[in-house]
Chemist: 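Let me begin by handing over the structure; questions about it come next.
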Amino acid sequence: MTTTDPAAEASQAGTPKPYRNLLTGLLLMLAAWAIYLPSLRYDYVYYDDVRILKVHPELYGQEKFSDDLRAIFVTEFPREEPLPVRDVSWAVDSQIFGFNSTLGHHLGNVLVHGVVVALMFAFLLGTTRRYGFALAVTIGWLVLAIHVEPVAWIMGRKDVLSALFILLALCAQTRRLESASLRAHAGWYLVTLACFIGSLLSKISALTFPVVLFLHAVFLPYLNGSRPAAGPFPWGKSLIKEILLMIPGLAVSVPVFHWYKQMLTQMGVLDRGPVAHGLAHIWNLLIVDPPTLWMYAQQLFFPWRLRLFYSWPQVMDVYPHWLVAASLAFMALLAGAGLWLFCRRKDLFFYYAAFFVIMLPYLNQVLPGLLVAERYLYLAAFCVLALVVTAGMAILRRAQPVWRSCTLAAAGVFLAVNLYQTFSYQPAWRDGETLWQYHLNLPQPQVSAYANLAAYYYAQASDEVGKPEMAAAMGKMSVVVDAGLAQFWPDQQQPPPPDTYFLFFLKSIVQEVRGEPEAALGSLLTADRLRPKFDSTQLNLALLYHKLAEAAADPKQKETYACAARDRYEEYIALEYRGRPAPADVQKTLAEFVADCPAKDPAAGKN
C-alpha cells in the first residue's frame, strides 16, 4: 500500500475489532497510571495549591458534602478561581480521603489523566477509522514530558478535567454525526453540549471549544475518508446547520466568561502583570506569540529544562529587529500553511485549525500574563502530533529505506527523550522544597524560585511554632532570602530591582521573628516602594506599626505609629476586599486601630 489517503486506509481496515480497540484503550490507560503512580505520594508545592485549595476548608473540607456544595455554588463568591466542576471534584476527594490529605487530590489527577488517554485513542479511532494512526498519536501524547506539570501538580486538576469533558464531547459528536435517526441526533447533540459545559466549568479556557466542535463536524467526512482530502468544501445547508448548532455553545461561553472575569476583577487577579491596550497590545501579540509557539514546539519534541516559569519570550518596550522580522515572517508562514492545507489536505486542516482555536485563550488576548506554561499545551499537543504522525507515516510508506530508517530513529528518540524527561522531572514536584530547589539549580534561575522556596520554609516554620523545627525552618528561609538578594541585587549602592519586592517582604518576617522590628520596618517599606499596593505588604505594615506603637515610650512617636497602622490597615482592607464587606474580625481590628488614632490629619503623609 503506497497511498496516504485515509479513505484507502479505512477501506482496508476490514471489519471493526471492538475487543482489540477496547483492550488497546485499557492498556493505554494503565500505562498512563503507571507513569504517574509516583506522584500519589507528593505533597503541596506551595504555589497556588495552598492559596486556592489548602487554606479553604469552608469550600472543600466541611463535614457534610452538601455544605461543600452550598459553599461552592452559592455562598463563597467572589473567589479567586471559581471553577465549580473542579471544585466539586476536590470536595469529593476530601470526603473520601480527608481534607488534610493530598493523596486524594493526586490520585484524582492520575485517574482522570489515564481516562483522558483512553478517550484520546477512542476519539481518534472513531473519527479517522485508522487504528495505526490513532495508536501512534495517542502513544506520542501519552509520553509527553510537558504533561508532568498538569498531572503531578494538584492545580492541574482543571486541565485534566477540562480535557476529559472535551474528548467526551468530541466522541459524542462523532456519534451524532453518524446517527441516522433525528431522535438519536438530538440526544447526542445534548450530550455534546452538556460535556462542553462541564469542560467550561472545569477550566475557563474551554470557551473557544464550540468552534472546535464546528470544525470537527464540518471536516469529519475528510477525517474518516468519506470524502477525498482535496475535495470541494461543502458550502451549503450542512455548513449553515453546523453554524446554527454552534451558537448555543457560544451563547453559554459568553456569559460564563464575563461572570468569571468579574470574579477575577473583584479578587484583583487581573491587576497582576503588565497591561497594554489597543494597537500596542496587538503589536505585542504579533511579536511575542510566535516565539511562544517556538518554545512549545521545542518542549514538545525536545523537552529540556522544563520549568514552571519561562523567562523568554517576554513583553518588551522595544523588540530587536531580528525578532520582529522572524515573528512577522512566521505569522505569514502559518497563514500560508493553513490556506494550503484547507485546499489540499482538509483532513489535516482540522488538526491545524483546532490547535490554534484551543490555544487562543492562552495567547494573551486579554492581557499579557504567563506567555509559556506547559499545562497550556496539555490537550492541544495532540493536534501537532497528528500532523507529525501523518507526515511520518507517509515517509514510511513512500520514501527510500534510508528515509524510513531516519523516521523510525526520530520516533525512537522522541519517545526516549520524553520518557526520560518525564521520569526525571516528575520527582521535582514532590513538595515545595524539591520543586523550587530544582528551579534554583537551573541555569539563570529566576527571583521567583528564591521567593517561593523561602515562602515554603516560612510555611514550615508556621506549622512548627514553639518547636525546635521552627528555628531550623526560619534559618533556611533566611539563607534563601539572603542568597536571592545577593544574586539579584549584587550592587547595593544601586536601587534594588522591582522583582525583588517579595524577597524584602520575606526578609522583614525573618527580621521580626529575630526581634528586629525597626529593620523589619525598613524591609517592608522597601517592598512597598518596589511594588506599591500589595495587600500583604499593607497588612504586615499595619501589624508592625501597631506593634511598634505599643512598644514606643515617646507619646508623639506612639501616635505616629498608631496612625500609620490605621492607614495601612485601611489600605489593606481596600485592596483585599475591593468594596466587599470585610469579615467581622477584620472590622474589629480596624476599630481597635482607629481607636488608637481617632483623629486624621489630612495634611499628614503616609509613613
Chemist: Are side-chain heavy atoms of R578 and M267 found at a separation under 4.5 Å?
Modeler: no
Chemist: With sequence neighbours left out, what residues match R430 under side chain to side chain donor-acceptor pair (under 3.5 Å)?
Modeler: none
Chemist: Are the side chain of H439 and the backbone of L308 linked by a donor-acceptor contact shorter than 3.5 Å?
Modeler: yes
Chemist: Assess the side chains of R70 and T75: does a donor N or O sit below 3.5 Å from an acceptor N or O?
Modeler: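 The answer is no; no qualifying pair exists.
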Chemist: Within 45 degrees of the axis of the six-membered ring of F77 and under 6.0 Å from its centre: does R79 put its NZ or CZ there?
Modeler: yes
Chemist: Could you report the tightest heavy-atom contact between I146 and Q299, atom names first, then the distance?
Modeler: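 The pair with the smallest heavy-atom distance is CG2-O, 3.6 Å.
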Chemist: With rounding to the nearest 0.5 angstrom, report the OG1 to CZ distance, T526 to F505.
Modeler: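 Rounded to the nearest 0.5 Å, the OG1-CZ separation comes to 13.5 Å.
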Chemist: Side chains of Y36 and Q426: any donor to acceptor distance under 3.5 Å?
Modeler: no
Chemist: Is there a salt bridge (charged side-chain N to carboxylate O under 4.0 Å, His left out) between D159 and R86? Walk through the geometry before answering.
Modeler: CA-CA 9 Å; D159 297 279; R86 180 208 60 184; over 6 Å; no
Chemist: Looking only at heavy atoms, what is the nearest atom pair of G156 and N109, with distance?
Modeler: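 Taking every non-hydrogen atom into account, C-ND2, 4.0 Å.
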Chemist: For Y569 and Y572, run ring-ring contact (aromatic ring centres under 6.0 Å, His included): C-alpha distance rounded to whole Å, both residues' side-chain angles, the deciding distance at 0.1 Å, then the answer.
Modeler: CA-CA 5 Å; Y569 203 72; Y572 157 71; 5.6 Å; yes
Chemist: Around atom CZ of R580, are there more than 12 heavy atoms of other residues, nucleotides or ligands at under 6.0 Å?
Modeler: yes
Chemist: State whether the number of non-hydrogen atoms from other residues, nucleotides or ligands found under 6.0 Å of F65 atom CZ is greater than 12.
Modeler: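 It does: F65 CZ has more than 12 such atoms within range.
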Chemist: Minimum heavy-atom separation for L285 and P290, please, with both atom names.
Modeler: O-CD, 3.8 Å
Chemist: With Y47 as reference, evaluate F309, Y456, W429 under the ring-ring contact (aromatic ring centres under 6.0 Å, His included) test and give the passing residue.
Modeler: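 Answer after filtering F309, Y456, W429: F309.
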Chemist: Does any donor atom in the side chain of Q538 or D528 lie under 3.5 Å from an acceptor atom in the other side chain?
Modeler: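 Their side chains do contain a donor-acceptor pair, which is all the 3.5 Å distance test asks for.
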Chemist: Closer than 3.5 angstrom, by distance alone: can the side chain of D87 be matched with the main-chain N or O of I72 as a donor-acceptor pair?
Modeler: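 Such a contact is absent between D87 side chain and I72 backbone.
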Chemist: Is a side-chain donor or acceptor of Q587 paired with a backbone partner of A582 at a separation under 3.5 angstrom?
Modeler: yes
Chemist: Which heavy atom in L144 sits nearest to a heavy atom in A381, and how many Å separate them?
Modeler: CD1-CB, 3.6 Å
Chemist: Out of the candidates Y60, Y46, Y44, only one should pair with K54 under the side chain to side chain donor-acceptor pair (under 3.5 Å) rule; please name it.
Modeler: Y46
Chemist: D48 and R51: salt bridge (charged side-chain N to carboxylate O under 4.0 Å, His left out), yes or no, with the steps?
Modeler: CA-CA 5 Å; D48 282 356; R51 187 179 74 252; 2.8 Å; yes
Chemist: Identify the two heavy atoms, one from E58 and one from A71, that lie closest to each other, and give their separation to 0.1 Å.
Modeler: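 Scanning both residues, the minimum pair turns out to be O-CB, 3.3 Å.
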Chemist: Is there a side chain to side chain donor-acceptor pair (under 3.5 Å) between S202 and R157 once you walk through the steps?
Modeler: CA-CA 8 Å; S202 300; R157 177 67 62 88; over 6 Å; no
Chemist: ring-ring contact (aromatic ring centres under 6.0 Å, His included), that's the test. Do F99 and W90 meet it? Break it down for me.
Modeler: CA-CA 9 Å; F99 176 69; W90 278 347; over 10 Å; no
Chemist: Run through K507, E512, Q511 and flag the one making a side chain to side chain donor-acceptor pair (under 3.5 Å) with S523.
Modeler: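 Filter result, single survivor: Q511.
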Chemist: Kindly state whether the ring of H546 and the ring of Y561 have centres lying under 6.0 angstrom apart.
Modeler: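 Distance test on ring centres: not under 6.0 Å, no.
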Chemist: For a quick check under 3.5 Å, do Y319 and N284 share a side-chain donor-acceptor pair by atom type?
Modeler: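 Checked: Y319/N284 side chains pair up, N/O donor to acceptor below 3.5 Å.
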Chemist: Would you call the rings of Y42 and H106 parallel, tilted or perpendicular, where under 30° means parallel and over 60° means perpendicular?
Modeler: perpendicular
Chemist: Give the intermediate values and the outcome of side chain to side chain contact (heavy atoms under 4.5 Å, CB included) for residues K556 and D554.
Modeler: CA-CA 6 Å; K556 187 174 182 180; D554 179 39; 3.7 Å; yes
Chemist: Between L371 and W312, does a side chain to side chain contact (heavy atoms under 4.5 Å, CB included) hold up when you go through it step by step?
Modeler: CA-CA 8 Å; L371 293 175; W312 191 87; over 6 Å; no
Chemist: Just to verify, what does K158 make a side chain to side chain donor-acceptor pair (under 3.5 Å) with, not counting sequence neighbours?
Modeler: E81
Chemist: Judged by modelled atom types alone, do Y425 and E149 share a side-chain donor-acceptor pair under 3.5 Å?
Modeler: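 Result is no, nothing qualifies.
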Chemist: Please verify the inter-ring angle class for F534 with F502; under 30° counts as parallel, over 60° as perpendicular, anything in between as tilted.
Modeler: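 It falls in the perpendicular class, over 60°.
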Chemist: Can you list the residues that meet the side chain to side chain contact (heavy atoms under 4.5 Å, CB included) rule with E469, with sequence neighbours excluded?
Modeler: E464, K467
